[in-house]
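Worksheet: the structure to be examined is printed underneath.
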Protein chains: 2
Amino acid sequence: MARPRTFDEERALDAAMRAFWVNGYEATSTQDLCDATGLGRSSIYNTFSSKHELFQRALARYIDSMTAGQVEILEDAGRSPMERLRALFARIVDSEFECREDGHSIGCLTVNTTVELAGRDPEAAELLARDLAARLAAISAVIRAGQSGGDISSTRDAGDLARFLNAVIGGMRISAQGGADRAALTAIAETALDSLTR
Amino acid sequence: MARPRTFDEERALDAAMRAFWVNGYEATSTQDLCDATGLGRSSIYNTFSSKHELFQRALARYIDSMTAGQVEILEDAGRSPMERLRALFARIVDSEFECREDGHSIGCLTVNTTVELAGRDPEAAELLARDLAARLAAISAVIRAGQSGGDISSTRDAGDLARFLNAVIGGMRISAQGGADRAALTAIAETALDSLTR
DNA sequence: TACGTTATGAACTGCTCAGTCCAAAACAAG
DNA sequence: CTTGTTTTGGACTGAGCAGTTCATAACGTA
């Protein structure tokens with residue numbers, strides 16, 4: 001009944017997400033998005049309405065895929081709570097050496113967006129707040145399980161420990177963007193995890 | 001012998017620094033810088049050459065003042081190593097509630113710049129690398145002192161612990177920009193510091 | 001008071017930005 | 001093959017960008 005699209009919307013979204021991830025929202029022009037996706041301006045605006053809405057969809061897609069993978073690790077019933085946390089941190093270290101551009105880590109899109117946009121973009125802030133709540137809930141649950149089993153110290157509230165681990169993850173992302181190598185990130189992760197068992 | 005300036009260069013630099021701090025490099029226009037400093041375009045370009053050079057000077061000024069204050073705390077001979085680290089973290093929590101705009105934390109300019117520019121601005125990356133090295137050196141020295149005195153565990157290398165604490169500081173900054181309140185930041189700091197004494 | 005020098009404001013430059021428009025193209029359905 | 005609907009590419013728009021130019025103002029000095 002009408003002319004069909006010649007591109008895959010999700011592939012285009014992935015390409016746009018990567019562009020925003022590498023350079024940030026402000027420094028990515030609509031022309032950059034055309035180049036990255038291979039689409040013309042008309043197709044981009046016809047499909048995604050505006051740069052800002054495209055960014056929101058890209059951020060939402062990043063959050064869905066990233067948090068899904070991490071929650072999967074955290075809910076892996078085949079591993080003990082501490083093993084799950086260790087696996088989570090191992091994945092985060094790995095991701096910093098998989099997601100690179102020009103020899104530098106590009107960090108994490110949620111951290112980057114928190115820094116660049118959270119203070120002046122309500123829609124982005126909302127997506128980030130929801131993601132943060134989900135992450136903290138998943139980490140807290142694992143910590144509570146570890147506390148029940150005695151593997152994790154109960155001297156601190158599970159919620160506090162979850163916020164602590166989440167902050168360390170963010171700090172590892174910043175450290176990687178600042179040039180930290182794999183050994184440095186691994187040592188940070190081990191130090192954080194060791195502190196749970198004291 | 002010639003017409004004198006009607007403004008104070010350092011005050012102008014402070015105003016520009018604040019503008020970059022709140023909105024980032026890309027989202028701060030030269031017009032914003034004129035408004036923030038109260039200077040005309042001619043005065044800005046006559047004094048600072050370009051937006052990029054003004055940013056470099058603003059970042060350098062931020063680093064000098066911030067790192068100076070923190071190193072002062074870390075080298076305070078009147079306090080024990082652990083007390084110095086506690087004072088450092090207390091200052092960082094405080095700073096997140098002093099440096100705000102529209103009810104949000106504006107974080108730390110070095111962290112913000114690491115995220116926004118480190119991957120594509122060699123001059124900024126150089127300033128950040130130098131600052132990071134100085135921070136890690138100062139923290140490492142305190143940790144070594146604490147390890148000698150027995151207050152800080154020697155099971156981990158002082159350099160690793162310094163990178164860990166520095167990552168936690170970065171993570172606290174991100175957490176604050178993500179909306180964490182004072183109690184949450186304090187708990188993160190306490191958890192990190194407690195892990196040193198195990 | 002006249003001169004040399006620097007600072008300043010306002011107008012201006014060329015360019016890039018996000019977003020729009022429209023004619024042509026590509027299909028499905030009748 | 002025609003008709004109706006959507007996609008597509010390319011030209012276009014007005015606004016805002018970083019940076020320049022220049023006439024004039026404001027000073028120290030002689």
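Naming convention: chains lettered A, B, ... in sequence-line order (proteins, then strands); numbering from 1 in each chain.
At whole-Å resolution of the value, OH in B:Y45 and C1' in D:dC22 are 17 Å apart. As rounded to whole Å, 12 Å separates atom P of D:dG16 from atom CG of B:D32. A:I44 places its CD1 atom 11 Å from the P atom of D:dG9, with the value rounded to the nearest Å. Rounded to a whole Å, the OH atom of B:Y25 is 8 Å from the P atom of D:dA18. As rounded to whole Å, 15 Å separates atom C1' of D:dT24 from atom CG of B:N46. To the nearest angstrom, P of D:dG16 lies 18 Å from CD of B:E26. Atom-to-atom, NZ of A:K51 to C1' of D:dG16 comes out at 13 Å; the value is rounded to the nearest Å. Between the P atom of C:dA7 and the CD atom of B:E9 lies a distance of 10 Å, rounded to the nearest Å.
Taken to the nearest 0.5 Å, the CG atom of A:L88 stands 12.0 Å off from the CD atom of A:E72. Taken from CZ in B:R173 to CD1 in B:I92, the straight-line distance is 5.0 Å, to the nearest 0.5 Å. Between A:E9 atom CD and A:R57 atom CZ the span is 4.5 Å, to the nearest 0.5 Å.
Note on B:F7: only backbone sugar-phosphate atoms sit closer than 4.0 angstrom, heavy atoms only; bases stay farther off. Counting any heavy atom pair closer than 4.0 Å across all strands shown, A:T28 reaches sugar-phosphate atoms only and no base atom. Across all strands shown, A:T47 has no heavy atoms under 4.0 Å from either base or sugar-phosphate atoms.
At a cut-off of 3.5 angstrom, the base of C:dA18 holds at least one donor-acceptor pair with the side chain of A:R41. Applying the 3.5 Å distance criterion, the base of C:dA18 shares no donor-acceptor pair with the side chain of A:S29. In the interface, the side chain of B:R5 is not paired with the base of C:dA7 through any donor and acceptor atom under 3.5 Å apart. Interface remark: the A:R3 side chain does not form any donor-acceptor pair with the C:dA26 base, using a distance-only criterion of under 3.5 Å.
For A:T6 and D:dT8, the shortest distance from a side-chain N or O to OP1 or OP2 is below 4.0 Å. The shortest distance between the side-chain N/O atoms of A:S43 and the OP1/OP2 oxygens of D:dT8 is below 4.0 Å. For A:S42 and D:dT8, the shortest distance from a side-chain N or O to OP1 or OP2 is not below 4.0 Å.
A:Y25 and A:F20 have parallel rings, their planes meeting at less than 30° on a 0 to 90° scale where 60° marks the start of perpendicular.
The neighbour count for B:R120 CZ, taken as heavy atoms of other residues, nucleotides or ligands under 6.0 Å away, is above 12.
Residue-to-nucleotide proximity on DNA chain D shows that, of A:G40 and B:P4, the 5′-proximal contact is made by A:G40.
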